[in-house]
Amino acid sequence: MTYLEAIRAGLRQEMQLDPRIVIWGEDVGVRGGVFRVTEGLQQEFGEDRVIDSPLAEGAIVGVAIGAAIGGLRPIPEIQFGDFIFPAMNQIVEEAARMRYRSNNDFHVPLVIRAPIGGGIHGALYHSQSVEAFFAHVPGVKVAVPGTPYDAKGLLAAAIADEDPVLFFEHKAAYRSLRGEVPEERYLIPLGQAEVKREGKDLSIITYSLMVNYALRAAETLQQEGISVEVLDLRTVRPLDQARILETAKKTGKVLIVHEDNRTGGIGAEVSAILAEEALFYLDAPIRRLCGPDVPAMPYSPPLEHAFMITPEKIAQAARELARF
Amino acid sequence: MADSQMTPELMKEIYYYMALSRAVDDRMWILNRQGKAPVVYSSNGHEAAQVGSAFALNRGEDWIAPYYRDLALVLAWGMTPREVMLHVLARADDPNSGGRQMPAHWGSRRLHILSGGSVVATQNAHAAGLALASKMLKDGRVAVAYFGEGSTSQGEFHEALNFAAVWKLPVIFFNENNGYAISVPQRKQMAITDVAARAQGYGIPGVIVDGNDPIKVWEVTRAAAERARRGEGPTLIEAKTYRFVPHSSDDDDRAYRSREEVMEWKKRDPLITFEQRLEAEGILSAEEKARMQQQIKDAVNDATDYAEKAALPDPATLERYVYAE
Ligand SMILES: Cc1ncc(C[n+]2csc(CCOP(=O)(O)OP(=O)(O)O)c2C)c(N)n1
Ligand SMILES: [Mg+2]
């Protein structure tokens, strides 16, 4: 099934098991979401559990915080990651700080779903990668699945989690990525990276849609005699430090890839971990291949293409690193 | 200066821009189906509200802060069909964004059209700020924010109205109420029937107008602009209208509203009803109408050809203008 179908199947399964789960957001009910992720859920679970909300992200999340504390398990949807910022205040100041500020008296079991990423002619405001903003915030967890299987398993774990989780779905992955997804329920613990391909010459550390692109690049390089390991972080908070170090120590060369812009991105944190803990195992400087440091992705095809990371760009960067 | 009297000549000009907008709009959808324009946002159905209000202001001189629905508004404000098509086809010479923004994200300093992003309701605060600048610099300008009713659920909408009211700013908040926020009908967005009622909470006038009648829209906008220029503060105008097409080219409105409902509103298509009125009142002759239609057809063809031949942005410009250069 597709990445999108895996998320929908996961939502459905969890809602069948737990009547406390409620979804709301813009266009999620009758329309099934602008990407159709929640399609059919309102028919199945009723208007009380899948609610078309007013257009106000601050309240979409703020109300969810109150509802979570009151005993529900809300899974609000933010229509595009780009429109999560009106809710920034509620996420960062309230959801993330609730447990800590109350000395463990309160907590917020909440999953906020939002599509991220570009390459679909979405322009500046329908293409953003917003994960690094939240990865900076202690108190929230941030899931960035890169395969249909992981999407379903991480979603189940996010819903089961007693703390707020941001669940970022890559919109270009929705219909383009397919894979085996079991019918039965399974959980992928938050904070466990996974080696998606074994290799020995260099490691690509990445997440979300770029996992697929990295695997495609690895395939190309295989034919050139370069053996690439691909580590999928799966969550960018927490980061799986052990597996990051393991792959770096194994291959001695690390290329970090993300679509989000470079400065202050996840790659910076991964690099710092490597510099602190694995410097003497490295045979080459760490390399980052990231979105450019421009405010957001432009619309016109030549500009969008120049912005986007592609399997070809990844292969080229890996090739150069392998030669080092 | 905006005219202070409604004249037959003015009515014809309003009609011209409404018809021009509809023709440009129709062409955008064709370009979308041809695969030349990946995304289209339409003003189809909103023309009377937009053009009627524009003509009540000093076009190109006052400030407008439009949203993605406002094609007819920016045409009436002075943007040319060629400029619009350069934007729709994301060409390098697009005056709105150099092809950077998704279509219908207007902006031109030359025309006093504030650049807008996609995040709804933010422009209300900007319009209040532009109005504050005009008030302090005494340049006599009014600022007008345009927005959908769905966006009035945002906190920033309310915050902007409050600021503008307390500071008595020369600003107009112009709501184009088409009854839907994408698929969500008004009754699920707010528990009131009139967006205009929100004005009460801020101590400013809230005016309801038939958004499909450009002359009525012209009248209430004129009154609001005069009030603003007299220093009496902001007005919230709610123009009740309807969009005849899906939210965007990525939407399918059959999923959330009946064809009967759409047909019912189409009986009051602002372009057709205004045309009929001008004909009935003897303002628009058959020859004049034919001449205008030809002029519009030529303008749209010219704009499309011009934009199709125009160059796309150079990828080397990707990292320009993040900061001053
Ligand atoms: C803050 C924010 N959230 C969500 C969106 C996505 N979105 C774009 S238009 C829209 C509906 C707007 O409805 P309305 O304000 O009534 O304007 P209309 O399109 O009907 O003219 C939504 C939800 C957005 N652009 N900005
Ligand atoms: Mg609307």
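What you are looking at is a predicted structure, and each value in this text was computed from that prediction instead of being measured. Note that these values count all heavy atoms, side chains included, but never hydrogens, waters or copies made by symmetry.
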Worked verdict on A:E57 versus B:Q154 for side chain to side chain contact (heavy atoms under 4.5 Å, CB included): CA-CA 8 Å; A:E57 290 76 9; B:Q154 291 282 347; 2.7 Å; yes
Trace of the side chain to side chain contact (heavy atoms under 4.5 Å, CB included) decision for B:I182 with A:E26: CA-CA 9 Å; B:I182 309 187; A:E26 295 150 15; over 6 Å; no
Criterion side chain to side chain contact (heavy atoms under 4.5 Å, CB included) on B:V119 and A:F83, from CA distance to verdict: CA-CA 6 Å; B:V119 185; A:F83 305 136; 3.8 Å; yes
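The environment of CZ in B:R259 is crowded: more than 12 heavy-atom neighbours from other residues, nucleotides or ligands sit within 6.0 Å. Residue-environment remark: CZ (A:F133) stays at or below the threshold of 12 foreign heavy atoms within 6.0 Å. Around atom CZ of B:R257, more than 12 heavy atoms belonging to other residues, nucleotides or ligands sit under 6.0 Å away. Under a cut-off of 6.0 angstrom, the local environment of CZ in B:F163 is sparse, with at most 12 non-hydrogen atoms contributed by other residues, nucleotides or ligands. Atom CD of B:Q200 sits in a sparse spot, with 12 or fewer heavy atoms from other residues, nucleotides or ligands closer than 6.0 Å.
Side-chain N or O atoms of A:D27 include one that pairs as donor or acceptor with a backbone N or O of B:S183 at under 3.5 Å.
Ranked by heavy-atom pairs under 4.5 Å with chain A, the list B:R91, B:Q189, B:Q101, B:E156 is led by B:Q101. With chain B as the partner, the residue from A:A123, A:S300, A:P301 showing the most heavy-atom pairs under 4.5 Å is A:S300. Across A:D293, A:L124, A:V34, the residue that shares the most heavy-atom pairs under 4.5 angstrom with chain B is A:L124.
Contact annotation for A:E304: neither backbone nor side-chain heavy atoms come within less than 4.5 Å of a heavy atom of chain B. For A:H305, no part sits under 4.5 Å from any heavy atom of chain B, backbone or side chain. Heavy atoms of A:E47 lying under 4.5 Å from chain B belong exclusively to its side chain.
Between A:R31 and B:D251 there is a salt bridge, since a side-chain N of the basic residue sits under 4.0 Å from a carboxylate O of the acidic one.
Within residues 314-325 of chain B, the residues having any heavy atom less than 4.5 Å from a heavy atom of chain A are, in residue-number order, B:D314, B:P315, B:T317, B:L318, B:E319, B:V322.
Between A:Y125 and B:G117 the shortest heavy-atom distance is CE1-CA, 3.3 Å. When all heavy atoms of A:Y299 and B:G99 are compared, the pair lying nearest together is CB-O, 3.7 Å.
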